[in-house]
2 protein chains.
Amino acid sequence: MVRVGLTTGRLTQAGAELADEVGFDQVTVSALARRFDVKVASLYSHLKNSQDLKTKIALLALEELADRGAAALAGRAGKDALTALANVYRDYAREHPGRYAAAQLRLDPETAAASAGGRHAQMTRAILRGYDLTEPDQTHAVRLLGSVFHGYVSLEMAGGFSHSTPDTQETWPRILDALDALLRNWPAP
Amino acid sequence: MVRVGLTTGRLTQAGAELADEVGFDQVTVSALARRFDVKVASLYSHLKNSQDLKTKIALLALEELADRGAAALAGRAGKDALTALANVYRDYAREHPGRYAAAQLRLDPETAAASAGGRHAQMTRAILRGYDLTEPDQTHAVRLLGSVFHGYVSLEMAGGFSHSTPDTQETWPRILDALDALLRNWPAP
DNA sequence: CAAGTTGCCTAAAGGTATTAGGCAACTGCA
DNA sequence: TGCAGTTGCCTAATACCTTTAGGCAACTTG
């Protein structure tokens, strides 16, 4: 009997790759076992269950995304920062659709608290330092930006924009122009 | 043997209710059969397969959502219309989380073309008649609004906003204020 | 009311999830 | 180097979901 050397980390990594290849909801303990040429039951020494696997992939994706965001944000401010962070999300979703889908997985509160989710909110808030917003409008703006980033990327991935005339290539920078303009002229309550 | 009177329509309707109760991805042919107190195989006279059921629920949700949108939009313009349509999406997601999730299901192109999806884009475009935008900015704005509506509702449903200070109750109208202001002052290219 | 259609059933095969218990391959210590 | 303990992957088994094939009873229609 040859030992393959399974670990939780390798399984999570392979699960993420599998997600990108076949879609996050096709990620299954069985498929992962096949990929390692190992019997299904063997994975249960490293994973609590199927949900656990999905959660670990989601946490990995959130972490990777936060790392990329931090790198992109370094040394930038204002619209430059806005564009950089926005592109991180969009590019990540294009490169790693399965992982991006995983990052949307609903986590239970404790897991979410321990995840990189907080870093994402912090990064969006950091962008707003380049604009003149105070609380509570800053929080509203954080949520707006989060909604646009996530919403746009989701709809684009789902093909929601693919049939109409202006290319989505063209729309994205214009939306960032619009958000920049909005943040510079945030309406009074 | 008593006949229950299954039809595709009744199955779809019940599937939508099931989705709202247990979540869209817990919707299963078996669960639906249990709900009708009928053997699983019996459903396959009315449904092609499990994917077919999910697709039909998605189409139902898109239709219902479009109907509500059309009703809300009637006789309104400008910010009034913007608020009305935005609230349709948000309220629908709160009332029918399973159906709302179903509406995000990725449909194959032919199915999507035959769905109420087009009505949604049309409604968003109708809102913009109250603002002074011409092509291609109008299309960009349609996509922005779609992104915000979908993105905000998704994040709110996922609990993404639940831990921070200003209530999401407070953020939503402020985001609509912001979008209204943005549409009135859309930046030149 | 007979003939045809159709709705729901039984049966069966294949896939995924999960647990329990076993043996072989590693680890570390004498 | 060899032994004891640990651990990794296996076999076996159960349960549930999906899907197809074929049958009989209940409707519908003339």
Nearest to side-chain heavy atoms of [X], which nucleotide of [options]:
| X | options | answer |
| --- | --- | --- |
| A:K39 | D:dC17, C:dC8, D:dC10 | D:dC10 |
| B:A41 | D:dT20, C:dT18, C:dC8 | D:dT20 |
| A:Y44 | D:dC9, C:dC8, C:dT18 | C:dT18 |
| A:S30 | C:dC9, C:dA17, D:dT18 | C:dA17 |

Side-chain N or O of [X] versus OP1/OP2 of [N]: is the shortest distance under 4.0 Å?
| X | N | value |
| --- | --- | --- |
| B:H46 | C:dT6 | no |
| A:S45 | D:dG8 | no |
| B:S50 | D:dT18 | yes |
| B:T28 | D:dT18 | yes |
| B:R3 | C:dC9 | no |

### Lys/Arg N to Asp/Glu carboxylate O, A:E156 vs B:R143, below 4.0 Å
no
### Query
Does the pair B:R94/B:D91 count as a salt bridge with the N-to-O cut at 4.0 Å?
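Salt bridge between B:R94 and B:D91, a charged N being under 4.0 Å from a carboxylate O: no.
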Rounded distance (Å) that lies between atom [atom2] of [N] and atom [atom1] of [X]:
| X | N | atom1 | atom2 | value |
| --- | --- | --- | --- | --- |
| B:L6 | C:dT6 | CG | C1' | 12 Å |
| B:D37 | C:dC8 | CG | C1' | 12 Å |
| B:L53 | D:dT18 | CG | C1' | 12 Å |
| B:L47 | D:dT18 | CG | C1' | 12 Å |
| A:K54 | C:dT18 | NZ | P | 9 Å |
| B:L32 | D:dT19 | CG | P | 13 Å |
| A:L43 | C:dT19 | CG | C1' | 14 Å |
| A:Q26 | C:dA17 | CD | P | 11 Å |

### Task
Just call it for A:V40: base, sugar-phosphate, or nothing, with non-hydrogen atoms closer than 4.0 Å on any strand.
base
### Task
Kindly give the heavy-atom pair with the smallest separation between A:V27 and A:K54, and that separation in Å.
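In terms of heavy atoms, the two residues are closest at O-CE, 3.6 Å.
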### Summary
Nearest heavy-atom approach of A:H46 to A:L11 is CB-CD1, 3.5 Å
### Task
Please check if atom CG in B:D37 has more than 12 non-hydrogen atoms from other residues, nucleotides or ligands closer than 6.0 Å.
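Atom CG in B:D37 is not crowded, with 12 or fewer foreign heavy atoms closer than 6.0 Å.
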